[in-house]
Amino acid sequence: MRDEDVIELKAPELTAAERLYLPQIVAGFRTTLRHMFLEKKKRDENMVQYPDAKRQVRIDNYRGVHRLNKDPDGRVACVACFMCSTACPAHCIHIEAGASPWPDREKYPVKFDIDELRCIYCGMCEEACPCDAIELTPHYELVARTRQEMIFDKEKLLHVFEQTKHDKPRKNPAVTDYGLTGNQDKAVARPTSQTKV
Amino acid sequence: MPTRWGALPNSGIDKNPTPVDRIIRDPKIVAAVALVMLVLPPIGLTAAWLAFGQPLLDLMKATDPAILQFVFSLIMMGLVLFIVIHLCAALILAERKISAFIQDRQGPNRVGFFGLLQPIADGIKFMLKEDVTPARVDKPIFILAPCIAFVVAMISFPVIPWAGTVELPWGGTLTTQVASLDIGVLYILAINGLGVYGVVLAGWASNNKYAHYGGMRAAAQMLSYEIPIGLGVLVLLLVSSGTLRLEVIQDQQTATGLWNVFLHPIMFLLVLTANYAETNRAPFDLAECEQELIAGFHTEYSSMKFALFFLAEYAHMIIGSAVLVTLFLGGWEPLPGVSLLHGNNTWWAALIKFHIFWGKIIGLIGLYMLVRWTVPRFRFDQLMKLAWKGMIPIAMALVVIEGVLVAVGIKVDPTAGFVGNFGVLAVHLLVNAVLLGFILWQLSRTKAPVTGRQDNLPEIEVVPSRPAGQGGVSHA
Amino acid sequence: MPVVYLILITFGAAGLFLALPGRGQAFGRIGLLMLLGLVAASIAMLLPQLGGLGDRVAFALLAGIGLFGAIRVITHPRPVYSALFFIVLVVAMGGLLVLMNAGFVASALLIIYAGAILVTYLFVIMLAQQGTETAPYDASAREPLWGVLAGFLVLGTLTGHVLSGDAANELAAPAAGVLGTVGDVRPVGELLLTEYVVGVQLAGVLLLAAMVGAVAIAKRQAALQEEAG
């Protein structure tokens, strides 16, 4: 950086009236009173009565509670590659892999726990997943009575998928196969600009 | 694929309102209840009057006036306590609603129609919440602190002249002021001074750094802002008849119709500001500022102990407003310039006075709330600077000026009426205008940057800025 | 009569010596009990000299609370509690002054002592130590014997003087009566500005000097800090 690139910004000095506070406070009253009395219509129009009605969200992009997708055969789509837990900045994903009972993949998750209290809902796991198995749903109402309840295990995450698959279908149902069986369409299996980079 | 927007179906518990929900949210039912509550007491009172009025009057006539006054004072104390506690609850709802409207929100609107039953829900919640006393706190003081805060807030009320005196038809008078103290204003100042302890002790006993900082800040702040209030009282003393009695100071205003706020507008602003600081409310809520201190001195408090602090804050607001109304705003007189109710000591006039007094208090509290949700918080050094370098010098100047005015004989004459005191008013307004001009002149002579404490910064070497049209990136 | 008072004061001195921090818990309790007994006895002896029932009850309560506060100020091992009991003492003193029709002095005492000076005490003590433990240097009193002896001598002399004839008359002279009509603020103000005006001015000069001194010390420390940093 050159010296000439430095742009000097000078803080404007307060005038005497501003330093007396009072005129500024009166100006502030004008703003707050306007919002209080004159903008009732705007306020009412923008209102969502939350538990009765919910605000509109972008279903495909909203980063709410996670789910673990199932492939068309009803098996867990995850191949226990640890990409998501590696990518997770909050270290909230805990996976234990086991040998897959199915011929089309090597591993599958025996345990898959997400601590929803540690999660910061950044969506990095979804970005990292090579087979679109983990996804974030638009559901944001997470309540529990204990911290233990907020650690979602594999069954619960799969259950979330069952609950949300009608609102938000799985983005790419075919992306599970890694060419081990050779009987699936490679064009779909390979990530494209249509699916994910 | 286009972005799909949508609201997910309801999964919350409120999907199907219970019958109770339906009932308490129905405006018709609320209106009916309100109607009953408004209509039943007058009917009941009238019926009671018809049934027991004559015996009661006979009993009152037969009673010794001193005992009658004593019983009446007890009733007034109970009444004021009742009003204050219930008003606190209502004010908490009002504050939430006002803040919500100012911030384009709706505020509480689910408990009852328009959220009107929210105070009840709040009260139940306060009582049912777990009352946590952390392990390593100083237990006696930890429990004592909220009690001190609340008690101190409540014991200032007896000296307020709510509705003047009432002349009884058969002779004799009753005063609505519970304690007519010769030291009236000083009593309130003394009690206010004790109010610091609740906050300081809470902060210390919590054994928590944030609470400790909050308590320390509150102590320094309250000490500093008591001085402008004291000086303001001094000015009133000089110009009024030289008494500290609240009822005399107020009677003088109602007799002349010349409220002190017109005589001393600058002093009124100073005392008002100091009152905001004394109640620890924004823009002076340094003791509990959330960004820096979590919740300040009441970080460790929960349940009813926290509620006591909360109530104490609102009671402080009410007592502060009541004192301001008495000292500056003409007490129970409805309009400035005329004496409509002065000297009218009938029982119905007392009722009207009582309502006007409370109306003025509520108006001032509305101003409190508006200020809280309009003005951003001061930084601590700015707060101290405002008190010691701004308000106290101005207040002292006013004391000196008023002393000179009184010494040359320009003083309110309570018997002369509004017209007779017009000259005094003109002189005071002129003096205040000159002082304001002087302050502005002083302010314009010194310079202040917008932010930061930049008094002692070294001289910065001025860097030549880039000439226009020579852009481009280079790696030096 | 004076002999009785002297015996009481000796008893109290012994109790105070035991109750000061550092004597052990059992002795401390015995000392406190002795002191409380002394308080009760002296209040009981003073009560018949007072007027109505209301006055007696108020005096007994306020004096009892005040003396208990005073005792705990010096016997409590923890400074914060000492300061708190000092506040209790000041408030009780205010009440006693109100009983004597000296409302102005009472409120001045409350505003200045309870409202300003003691807050500053608390401020300093609280900044110095936090937590629920007693610091080792607070656990025992410094020079308890000499302190108690000095207090004993002062109190004994004062009592003896007060109880001797002429001093008692002198003290009894400005009784209440005139105060009720003119109020209790105006006479104080008039006295301050006529008879005691020199004293008021001197106090003002003293405070000014103290303030200038404080500013000077603060300036010097700021300069030292700049040198160091």
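Hydrogens, waters and symmetry mates play no part in the numbers below; they use all other heavy atoms, side chains included. Everything numeric here is computed off the predicted structure, so don't read it as measured data. Per chain, numbering begins at 1; letters A, B, ... match sequence-line order.
- Residues C:F123 and B:M216 come closest through the heavy atom pair CE1-O, 3.3 Å.
- Heavy-atom distances place the side chain of B:L223, and not its backbone, under 4.5 Å from chain C.
- For chain C, the nearby part of B:V196 is the side chain; its heavy atoms alone come within less than 4.5 Å.
- For B:L201, the parts lying under 4.5 angstrom from a heavy atom of chain C are both the backbone and the side chain.
- Residue B:F142 places its CZ atom among more than 12 non-hydrogen atoms of other residues, nucleotides or ligands, all under 6.0 Å distant.
- Taking 4.5 Å as the limit, every side-chain heavy atom of C:V119 sits out of range of all side-chain heavy atoms of B:M222.
- Closest of all the heavy-atom pairs between B:P140 and C:Y81 is CG-OH, 3.4 Å.
- Nearest heavy-atom pair, B:A190 versus C:S107, reported as atom, atom and distance to 0.1 Å: CB-O, 4.1 Å.
- In this structure, chain C has no heavy atom under 4.5 Å from any part of B:I191.
- Chosen from C:V98, C:I111, C:L110, C:L109, the residue pairing most often with chain B at heavy-atom distances under 4.5 Å is C:I111.
- Counting non-hydrogen atoms of neighbouring residues, nucleotides and ligands closer than 6.0 angstrom, the CE atom of C:M93 reaches no more than 12 such neighbours.
- In this structure, C:L118 CG and B:Y197 OH are separated by 4.5 Å, a value rounded to the nearest 0.5 Å.
- Chain B forms more heavy-atom pairs under 4.5 Å with one residue of C:V91, C:I112, C:V80 than with any other, namely C:V80.
- Atom OH of B:Y276 sits in a crowded spot, with more than 12 heavy atoms from other residues, nucleotides or ligands closer than 6.0 Å.
- Heavy atoms of B:A220 lying under 4.5 Å from chain C belong to its backbone as well as its side chain.
- Atom OH of C:Y121 has 12 or fewer heavy atoms from other residues, nucleotides or ligands within 6.0 Å.
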